Amino acid sequence: MNVYTDNAATTKLSRAALDAMEPVLTDVYGNPSSLHSLGQRAKEYLEQAREDVAAAVGADPKEIYFTSGGSEADNQAIRTGAYLGAKKGKKHIISSKFEHHAVLHTLSALEKEGFSVTLLDVYENGIVRAKDVANAITDETCLVTIMTANNEIGTVQPIKEIGEICRARGVLFHTDAVQAVGHIPIDVRDMNIDMLSLSAHKFHGPKGTGALYARRGILLKNIIDGGAQERGKRAGTENLPAIVGMAAAIKEATANMKENSAKITLMRNRLIEGLKDVERSRINGDMNCRLPGTLNMCFEGIEGESLLLLLDAKGISASSGSACTSGSLDPSHVLLALGVPVEIAHGSLRLSLSEYNTMEEMDYVVKSVKEVVSYLRSISPVWDKIKMEEK
């Protein structure tokens with residue numbers, strides 16, 4: 001049996017997205033910036049896609065800017081908040097310790113430019129406390145950037161409450177919603193979000209395209225200069241087939257969100273019930289405030305890499321954390337931020353589901369994980385030491 005449980009890394013392209021892309025790939029191939037009829041027809045597709053993406057997050061179409069994905073959108077949003085703040089003499093940014101590296105590395109680069117950054121704790125349950133955000137804001141704060149849902153453990157943050165605090169204090173608020181859009185309800189108006197990043201391949205759209213929502217009145221900082229595309233804020237001919245596919249995928253995902261969430265939650269719970277009693281294992285992150293389909297566990301006495309390779313040999317695709325850090329020998333910064341000891345964090349497993357999975361697959365995953373963990377422990381001197389210390 002082949003089972004794909006790495007949907008937090010990327011998802012299968014949906015039939016709806018593929019069908020939407022086909023005519024744009026073959027017939028409507030004009031440049032949306034061209035004045036001739038073929039170009040203007042392409043522009044119609046582009047603007048309809050903008051409307052569909054905007055509707056999915058409660059925005060106005062003119063507040064949506066198409067990008068190459070979530071990382072670019074994060075970079076542009078954070079640099080916009082930083083540079084707008086610098087113009088007013090404000091150079092302090094607040095974020096959290098377990099953000100995606102697209103956020104953390106951008107913040108590190110800004111620190112070298114003279115900005116100061118406060119990274120908030122996320123505690124054992126993997127949730128940023130709104131009161132910590134409020135306490136960290138100073139007269140120098142220009143931006144708060146907190147992800148909506150964590151990409152490794154799936155915990156959902158109190159975004160609306162954080163947004164209210166930022167709005168009341170006159171501080172711009174950005175959220176990396178790459179893991180959340182299409183999976184949980186998002187309304188940028190209700191949640192007081194000033195800027196939001198999303199990426200198509202996390203909700204069954206194509207890779208290499210995403211969008212940045214920026215509230216009307218926010219003058220975006222260009223990070224790609226050139227032509228006048230995207231109202232002059234993101235140069236380069238738009239990847240129209242991918243954008244149209246993204247719009248079809250997000251429209252389908254939001255329309256079926258309630259049904260899909262219920263189905264996926266039941267499958268995730270089947271995994272939890274099957275694996276929670278594995279000796280010296282732990283589930284990472286809050287059990288309630290989490291995405292429907294993400295489960296992250298640690299198993300003491302084994303290496304995550306070996307676990308993944310043996311699961312792959314059984315036909316199961318999984319991960320030990322973010323796909324963006326694949327190949328790194330360092331333990332997950334997300335798990336370390338939760339206070340998980342380094343030696344335990346090395347034995348992590350992330351299983352992330354979609355509506356395409358089945359209960360039969362979940363039972364196979366549970367059986368396989370138990371077998372592999374048992375085997376790895378049987379040949380592990382580390383596990384032998386753990387058991388000796390118990391005596």
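Every heavy atom of this structure was used, including side-chain atoms; hydrogens, water molecules and symmetry mates were not. Numbers here simply count residues along the sequence, with the first being 1. Treat the numbers as computed from the prediction; the structure is a model and nothing was measured.
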Under 3.5 Å, side chain of Thr175 to main-chain N/O of Thr148, donor-acceptor pair present?
yes

Would you call Phe98 and Glu152 a side-chain contact if the rule is heavy atoms closer than 4.5 Å?
no

Within the side chain of His204, is there an N or O that forms a donor-acceptor pair under 3.5 Å with the backbone of Lys12?
yes

Would you confirm whether Lys251, through its side chain, and Ala55, through its main-chain N or O, come within 3.5 Å as a donor-acceptor pair?
no

Test your reading of the model: is there a side-chain donor-acceptor pair from Asn31 to the backbone of Thr237, 3.5 Å cut-off?
no

Verify the cluster assignment for Leu271 and Leu291: are they in a single hydrophobic cluster under the rule of side-chain heavy atoms below 4.5 Å apart?
no

Less than 3.5 Å apart, any donor N or O on the side chain of Ser317 or Asp6 sitting next to an acceptor on the other?
no

Rounded to the nearest 0.5 Å, what separation is found between the CD1 atom of Ile272 and the CE atom of Met287?
4.0 Å

Can you see whether Phe173 has Arg167 sitting over its ring - NZ or CZ less than 6.0 Å from the centre and within 45° of the normal?
no

Quick check: does any side chain N or O of His183 sit under 3.5 Å from a backbone N or O of Lys202, one acting as donor and the other as acceptor?
yes

So Asp286 and Glu124, do their side chains get closer than 4.5 Å, heavy atoms only?
no

Under 3.5 Å, sequence neighbours excluded: what are the donor-acceptor pairs made by side chains of residues 18-27?
from, atom 1, to, atom 2, distance (Å)
Asp19, OD1, Arg15, NH1, 3.3
Thr26, OG1, Glu22, O, 2.9

Tell me the closest heavy-atom pair linking Ala136 and Leu120, and the distance in Å.
CB-CD2, 4.0 Å

Arg282 side, atom CZ; Leu338 side, atom CG - distance, nearest 0.5 Å
7.0 Å

Output for pair (Ile146 CD1, Asp176 CG), nearest 0.5 Å, gives 10.5 Å

For the student: nearest non-hydrogen atoms of Met195 and Gly81, plus distance:
CE-N, 4.3 Å

Regarding Gln40 and Ser34, is there a side-chain donor-to-acceptor distance under 3.5 Å anywhere?
no

Under 3.5 Å, is there a donor on one side chain and an acceptor on the other for Asp132 and Tyr123?
yes

Close side-chain approach of Ile127 to Pro158, heavy-atom, < 4.5 Å:
yes

What's the separation between atom CD in Gln229 and atom CG in Leu46, rounded to the nearest 0.5 Å?
10.0 Å

Under 4.5 Å between any side-chain heavy atoms of Asp187 and Val57, yes or no?
no

Please report the closest heavy-atom contact between Ala82 and Cys142, naming both atoms and the distance.
CA-SG, 4.1 Å

Close side-chain approach of Thr141 and Ile93, heavy atoms under 4.5 Å:
no

Can you tell me how far CD1 of Ile193 sits from CG of Leu172, rounded to the nearest 0.5 angstrom?
13.0 Å

Scan Arg79, Lys233, Arg234 and name whichever one has a salt bridge (Lys or Arg N to Asp or Glu O under 4.0 Å) with Glu72.
Arg234

Leu311, Leu349, Ile316 screened by side-chain contact (heavy atoms from CB on, under 4.5 Å) with Thr5, the one that passes:
Ile316

Once rounded to the nearest 0.5 Å, what's the spacing between atom CG of Asn222 and atom CD of Gln76?
6.5 Å

Side-chain (Asn357) to main-chain (Leu353) donor-acceptor, under 3.5 angstrom:
no

Has the side chain of Arg268 got a donor or acceptor atom that lies under 3.5 Å from a matching backbone atom of Thr294?
no

Out of Arg189, Arg231, Arg215, which residue meets the salt bridge (Lys or Arg N to Asp or Glu O under 4.0 Å) rule with Glu63?
Arg189

Answer with yes or no whether the side chains of Asn256 and Glu252 bring together a donor and an acceptor at under 3.5 Å.
no

CA sep, side-chain torsions, deciding dist, call: Glu273, Asn269, side-chain hydrogen bond (donor to acceptor under 3.5 Å, both in side chains)
CA-CA 6 Å; Glu273 286 301 312; Asn269 290 344; over 6 Å; no

Would you please test Ser116 and His92 for side-chain hydrogen bond (donor to acceptor under 3.5 Å, both in side chains) and show each step?
CA-CA 5 Å; Ser116 63; His92 175 235; 4.6 Å; no

Can you find a side-chain donor-acceptor pair between Thr155 and Arg290 that sits under 3.5 Å?
no

So Thr67 and Glu230, do their side chains get closer than 4.5 Å, heavy atoms only?
no

For the backbone of Thr358 and the side chain of Glu361, can you confirm whether one donor and one acceptor N or O come within less than 3.5 Å of each other?
yes

For the residue pair His100 / Gln179, report whether a side-chain donor-acceptor contact shorter than 3.5 Å exists.
no

Would you say the side chains of Tyr83 and Glu113 form a donor-acceptor pair under 3.5 Å?
yes

Residue pair His201, Thr11: steps toward the side-chain hydrogen bond (donor to acceptor under 3.5 Å, both in side chains) verdict:
CA-CA 6 Å; His201 74 112; Thr11 55; 6.0 Å; no

Residue pair Thr209, Asn239: steps toward the side-chain hydrogen bond (donor to acceptor under 3.5 Å, both in side chains) verdict:
CA-CA 8 Å; Thr209 194; Asn239 184 356; 5.4 Å; no

Nearest heavy-atom pair of Gly245 and Pro206: which atoms, and what distance?
C-CD, 3.8 Å

Given Lys314 and Glu371, is the salt bridge (charged side-chain N to carboxylate O under 4.0 Å, His left out) satisfied, shown in steps?
CA-CA 11 Å; Lys314 291 177 174 288; Glu371 290 174 350; 3.0 Å; yes

Is the backbone of Thr145 close enough, under 3.5 Å, to the side chain of Ser95 for a donor and an acceptor to pair up by distance?
yes

What one should report as the nearest heavy-atom pair of Ala73 and Ala211 is CB-O, 3.7 Å

Here the pair of heavy atoms bringing Lys62 nearest to Tyr65 is O-OH, 3.9 Å

Contact between Leu107 and Leu119 at the side-chain level, heavy atoms closer than 4.5 Å - yes or no?
yes

Are the side chain of Gln157 and the backbone of Ala149 linked by a donor-acceptor contact shorter than 3.5 Å?
no

Student check: side-chain heavy atoms of Ile218 and Tyr213 closer than 4.5 Å:
no

Cut-off 3.5 Å, no hydrogens considered: what does the side-chain donor-acceptor table look like for residues 373-382, sequence neighbours left out?
from, atom 1, to, atom 2, distance (Å)
Arg377, NE, Glu300, O, 3.0
Arg377, NH1, Glu279, O, 2.8
Arg377, NH2, Glu279, O, 2.8
Arg377, NH2, Arg280, O, 3.3
Arg377, NH2, Glu300, O, 3.0
Ser378, OG, Tyr375, O, 2.5
Ser380, OG, Gly301, O, 2.8
Ser380, OG, Val382, N, 3.2
Ser380, OG, Trp383, N, 3.1

